[in-house]
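Just so you know, these numbers use all the heavy atoms, side chains as well, and skip hydrogens, waters and symmetry mates. The chain is numbered in sequence order, starting from 1.
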Amino acid sequence: MAAVDRALALAVMHAYRAQSVQAGDLAQKAVLGYESACGGTPQPLFCDARSGWRAAHVRSVAAMGQGLFVEARGFGQDAERWAERSGDGRLKVRAATLLAVISQRLAEPDRSQHYLQRAEAMARQANALDALARLRVEQAALRTAQGDSHGAQLLLQEARRLARQFGSSRMEAQMAVEFSANYLHEGKPKDALAVVLDALPVVRQFNDLHFVAPLLHNGGLARLALGQVSVATQELKLRRRCGVRGCARGHAGWAAGVCRCPGRAWRSASGLGALPP
């Protein structure tokens with residue numbers, strides 16, 4: 001199993017670097033390895049269902065990063081089955097949240113709402129603060145898509161409170177992409193810039209490279225609005241060197257890819273916290 005575990009570790013690494021093709025290929029190898037190890041009834045003692053979930057989850061996220069949302073749904077359903085197999089309530093919430101995001105991207109709002117409601121119920125039952133925080137960001141994304149920036153901001157604030165309660169500075173920093181985009185949308189560039197400046201050292205510390213480009217982009221827009229043209233130009237040039245493919249098209253959330261929409265606030269492309277911890 002060492003080779004399978006290594007494939008999963010590399011898949012996660014490539015996913016955090018927004019290298020969707022490499023992440024997907026490696027995650028597929030890992031999924032096949034865990035499926036082989038976990039075959040039979042009853043479930044073998046050496047079966048690692050949590051790692052099976054993680055591999056399927058990364059595979060789904062990688063497909064989203066390539067714009068392959070139908071395929072992503074299939075892989076997301078695989079992750080859901082692994083989560084059920086693991087018996088881990090937190091993973092069940094993550095799986096349902098991911099499927100809600102994918103359903104929204106496939107223009108299936110009723111199905112998306114169904115998954116969100118399931119995720120909410122399971123998160124409360126499992127007292128999974130981190131999973132509930134991720135869910136709140138996805139709910140904020142839906143509010144943003146509906147034009148309700150105030151409602152989105154309230155949900156983001158709750159998500160930040162939950163992340164702090166859970167004790168994850170990393171998760172809180174990742175949320176800064178959505179916070180800064182929302183502040184820019186509300187005409188509050190000073191607040192947007194403050195959020196970006198607080199978050200950048202943290203995401204760099206954890207090597208979460210796919211969050212750097214959207215933070216630089218939103219920080220550059222904030223500086224432009226504040227009249228800091230020279231610094232803004234430098235940051236926007238730097239974000240082009242950090243940029244990765246995929247456009248949110250108005251849908252917020254964390255994901256493997258981010259969007260390039262010149263002149264607009266940059267939001268994560270899909271799937272809040274889609275990447276496994």
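Listed by chain and number, the residues in a salt bridge (Lys or Arg N to Asp or Glu O under 4.0 Å) with Asp88 are Arg50 (sequence neighbours excluded). A search for side-chain contact (heavy atoms from CB on, under 4.5 Å) contacts involving Ala159 returns Arg136, Val137, Met175, not counting sequence neighbours.
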Inset, instruction - Decide yes or no on side-chain contact (heavy atoms from CB on, under 4.5 Å) for Arg164 and Arg161, but give the supporting numbers first. - result: CA-CA 5 Å; Arg164 288 176 176 174; Arg161 178 184 63 78; 5.8 Å; no
Walk me through it: do Glu84 and Lys92 pass the test side-chain contact (heavy atoms from CB on, under 4.5 Å)? CA-CA 6 Å; Glu84 288 290 338; Lys92 294 177 185 179; 3.7 Å; yes
Can you check side-chain contact (heavy atoms from CB on, under 4.5 Å) on Asp130 and Ser168, steps first, answer last?
CA-CA 8 Å; Asp130 60 327; Ser168 177; over 6 Å; no
Self-check item: Audit row: Leu142, Leu116, side-chain contact (heavy atoms from CB on, under 4.5 Å) steps and yes/no
Solution: CA-CA 11 Å; Leu142 296 179; Leu116 287 173; 3.0 Å; yes
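For the atom pair Arg170 CZ and Gln205 CD, the distance stands at 9.5 Å (nearest 0.5 Å). Separating the CG atom in Leu26 from the CD atom in Gln19 is a distance of 10.0 Å, to the nearest 0.5 Å. Atoms CG and CG, on Asn182 and Asp191 in that order, are 11.5 Å from each other to the nearest 0.5 Å. Annotation: the span from Arg111 atom CZ to His114 atom NE2 amounts to 8.5 Å, rounded to 0.5 Å. Going from atom CZ of Arg59 over to atom OG of Ser20 covers 14.0 Å, rounded to the nearest 0.5 Å. Rounding to the nearest 0.5 angstrom, the gap separating the NE2 atom in His185 from the CD atom in Glu178 is 13.0 Å.
Put simply, the side chain of Val202 reaches to within 4.5 Å of the side chain of Phe206, judged on heavy atoms. Counting heavy atoms from C-beta outward, Leu98 and Met64 have side chains that approach closer than 4.5 Å. The side-chain heavy atoms of Ile102 and Ser60, taken from C-beta on, include a pair separated by under 4.5 Å. Residues Tyr34 and Asp5 are in side-chain contact: their nearest non-hydrogen atoms beyond the backbone lie under 4.5 Å apart. Counting heavy atoms from C-beta on, the side chains of Asp25 and Lys29 never come closer than 4.5 Å. Considering only heavy atoms from C-beta on, Leu132 stays 4.5 Å or farther from Val93 through its side chain. Using a 4.5 Å heavy-atom cutoff, the side chains of Gln157 and Leu155 are not in contact. Cys38 has its side chain within reach of Trp82: a pair of non-hydrogen atoms, C-beta onward, lies under 4.5 Å apart.
Put simply, Leu8 and Val4 are part of the same group of oily side chains (I, L, V, M, F, W, Y) that touch within less than 4.5 Å, one to the next. Put simply, Leu156 and Leu154 are part of two different groups of oily side chains (I, L, V, M, F, W, Y) that touch within less than 4.5 Å, one to the next. No continuous path of hydrophobic side-chain contacts links Leu32 to Trp53 [ILVMFWY only; heavy atoms under 4.5 Å].
In this structure, Asn218 and Ala181 approach most closely via the heavy-atom pair ND2-N, 3.7 Å. Scanning all heavy atoms of the two residues, the minimum distance from Ala199 to Leu215 falls at CB-CD1, 4.1 Å. Between Ser180 and Val195, the closest heavy-atom pair is N-CG1, 4.3 Å. Annotation for Thr97 and Ala119: closest pair OG1-CB, 3.6 Å, computed over non-hydrogen atoms. Closest of all the heavy-atom pairs between Val31 and Ala56 is CG2-N, 3.6 Å. Contact between Pro189 and Ala225 at its shortest, heavy atoms only, is CB-CB, 3.7 Å.
Side-chain N or O atoms of Asp148 include one that pairs as donor or acceptor with a backbone N or O of Gly151 at under 3.5 Å. In this structure, the side chain of Ser112 does not engage the main chain of Pro109 through any donor-acceptor pair within 3.5 Å.
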Side-chain donor-acceptor pairs under 3.5 Å in residues 67-80, sequence neighbours left out?
| from | atom 1 | to | atom 2 | distance (Å) |
| --- | --- | --- | --- | --- |
| Arg73 | NH1 | Glu108 | OE1 | 2.7 |
| Arg73 | NH1 | Glu108 | OE2 | 3.0 |
| Asp78 | OD1 | Arg81 | NH2 | 2.2 |
| Glu80 | OE2 | Arg118 | NH1 | 3.0 |
| Glu80 | OE2 | Arg118 | NH2 | 3.3 |

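Between Gln22 and His14, the side chains place no donor N or O within less than 3.5 Å of an acceptor N or O (distance only, hydrogens not considered).
Atom CD of Glu186 has more than 12 neighbouring heavy atoms from other residues, nucleotides or ligands inside a 6.0 Å radius.
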